[in-house]
**Q** 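Dumping the structure here so I can ask a few things about it.
Just so we're clear, the structure is a prediction, and the values are computed from it rather than from any experiment.
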Amino acid sequence: MHKNMNNKIKIIHIITRIDVGGTADDITTIFNKLDKNKYEQILIYGPGQVDLGDTVRNYRIPELKRELSLMDDFVSFWKIYNIINDEKPAILHTHSSKSGFLGRWAAWLFNLLATFRIQHSKIKIVHTPHGHVFYGYEFGRLKTRLFILLECLTSPITDRFIALTEGEKNESVKFCRVNPKKWEVINSGVGLDDALIEQSCMKIQEKRKELGIGSNILVIGTVARLVPVKGIMYLIEAVPLILKSYKNSLKFLIVGDGLQKDAIEKRIKELNLEENIILTGMRNDIYELMSAMDIYVQPSLNEGMGITLIQAQAVGLPIVASRVQGIPNAIKENETGMLIPPKDPAALSKAVLKLIENVDLRKNMSARAKIWVCETIDGCRRFSPERMIKMHEKLYEEMIQEV
């Protein structure tokens with residue numbers, strides 16, 4: 001079972017939804033860059049469209065949704081099981097919580113029934129949570145406890161886990177008491193386009209003019225989905241505290257869109273901050289917008305790693321970010337940025353003010369940030385797609401060899 005008729009290792013990936021974000025980027029990178037002479041990859045995914053090229057075999061399961069639904073989840077489970085039974089992969093790689101739960105138990109059932117067959121090679125199961133859901137989300141206490149319980153029940157049937165950062169690994173081990181030896185830390189692959197970054201940095205004044213920002217104005221910015229877990233509302237609450245000292249010399253730039261957009265716009269109006277905060281919506285010119293910033297803020301309540309943190313540091317922005325899950329591993333505290341408690345506008349404003357008032361500190365963090373994210377490890381940049389692929393291939397090979 002471990003190799004198909006072309007002598008390739010067959011891997012099935014399962015994800016609930018491929019949309020904009022780090023998880024989708026990681027999976028796209030794995031499909032595009034994993035050695036096609038060695039691996040055959042198949043994708044199972046839920047509602048929505050996916051474009052991974054004509055050569056990628058895929059199965060779409062409309063019932064595989066993020067929301068809890070006994071009927072849809074039951075149907076999804078059996079569809080996943082039947083695909084696994086037909087394809088008989090060497091490895092099942094699940095991504096994120098819902099598909100991770102259903103996919104791993106479907107593979108467990110296949111492995112259980114396989115013991116009664118003449119050839120009963122078992123599927124190896126690896127799970128990448130892409131950040132856990134144990135805190136920071138507005139699920140409610142009961143649903144959060146349910147998620148923790150389900151993961152604790154499913155962890156024992158999982159051969160290996162991939163964490164995006166040491167922080168994610170440590171917190172997952174703590175919540176579910178998983179053997180830390182089962183975990184491998186593989187950072188998300190962030191493709192940094194040096195030429196594009198350099199070109200963007202040369203367009204600072206042009207981009208500021210487009211946004212209506214003067215050259216003498218200091219810009220504090222962020223790029224994020226406008227959803228509660230990203231903590232943008234806490235940034236909004238911190239703005240008046242910062243403006244007390246710098247009313248006419250600051251602008252705040254928020255790039256992104258999402259379900260919380262209307263609530264954020266309403267709060268901005270309530271605080272009379274329309275002149276101080278610019279909401280751009282979704283944009284494709286992220287590096288140009290980041291280059292127009294002076295300080296980057298990431299007030300997330302939970303974050304597996306934070307791809308925009310890597311991009312912001314590559315541009316040379318000093319960081320103010322929440323001390324949650326993977327963020328402390330995505331920056332170097334007091335060297336490339338400052339960490340603050342989540343949900344704390346006062347602490348956020350204090351850190352931002354410190355960077356505003358200390359030009360030398362900003363410059364030093366800016367220089368160190370570029371060096372940090374571009375540092376070479378084992379021949380690849382720390383957060384590069386190439387390093388991520390190397391580490392995935394190494395893990396897959398180890399799993400195949402394990403008895």
**Q** In chain order, what residues pass the side-chain contact (heavy atoms from CB on, under 4.5 Å) check against Phe101, with sequence neighbours excluded?
**A** Trp105, Leu150, Thr154

**Q** Are His127 and Thr94 close enough that a side-chain donor and a side-chain acceptor fall under 3.5 Å?
**A** yes

**Q** So, using side-chain contact (heavy atoms from CB on, under 4.5 Å) as the criterion, who are the partners of Tyr81 when residues are at least two apart?
**A** Trp78, Asn85, Ala106, Leu109, Phe110, Leu113, Arg117

**Q** Scan Lys88, Lys8, Arg57 and name whichever one has a salt bridge (Lys or Arg N to Asp or Glu O under 4.0 Å) with Glu40.
**A** Arg57

**Q** Taking side-chain contact (heavy atoms from CB on, under 4.5 Å) as the test, write out the residues that go with Glu398, two or more places apart.
**A** Arg160, Lys394, Leu395

**Q** Partners of Asp285 by salt bridge (charged side-chain N to carboxylate O under 4.0 Å, His left out), sequence neighbours excluded?
**A** Lys207, Arg283

**Q** Does Glu288 come within less than 4.0 Å of Lys203, counting only side-chain N to carboxylate O?
**A** yes

**Q** What pairs of residues pass the ring-ring contact (aromatic ring centres under 6.0 Å, His included) test when at least one of them lies in residues 154-173, not counting sequence neighbours?
**A** Phe161-Trp183

**Q** Going by side-chain contact (heavy atoms from CB on, under 4.5 Å), Leu218 matches just one of Ile356, Ile213, Val352. Which one?
**A** Ile356

**Q** Hey, is Arg267 close enough to Glu270 for a salt bridge, meaning N to O under 4.0 Å?
**A** yes

**Q** Within this structure, what is the CD-CD1 distance for the pair Gln313 and Ile331, rounded to the nearest 0.5 Å?
**A** 6.5 Å

**Q** With side chains defined as the heavy atoms from C-beta onward, is the minimum distance between Gln325 and Leu164 less than 4.5 Å?
**A** no

**Q** Does any part of the side chain of Asp159, heavy atoms only, come nearer than 4.5 Å to the side chain of Lys182, both counted from C-beta?
**A** no

**Q** Roughly how far, to the nearest 0.5 Å, is CZ of Arg66 from CG of Asp72?
**A** 15.5 Å

**Q** Apply side-chain contact (heavy atoms from CB on, under 4.5 Å) to Arg323 and list each qualifying residue two or more places apart in sequence or on a separate chain.
**A** Pro328, Glu333, Leu339

**Q** Out of curiosity, Glu210 CD to Leu289 CG, how far, rounded to the nearest 0.5 Å?
**A** 7.5 Å

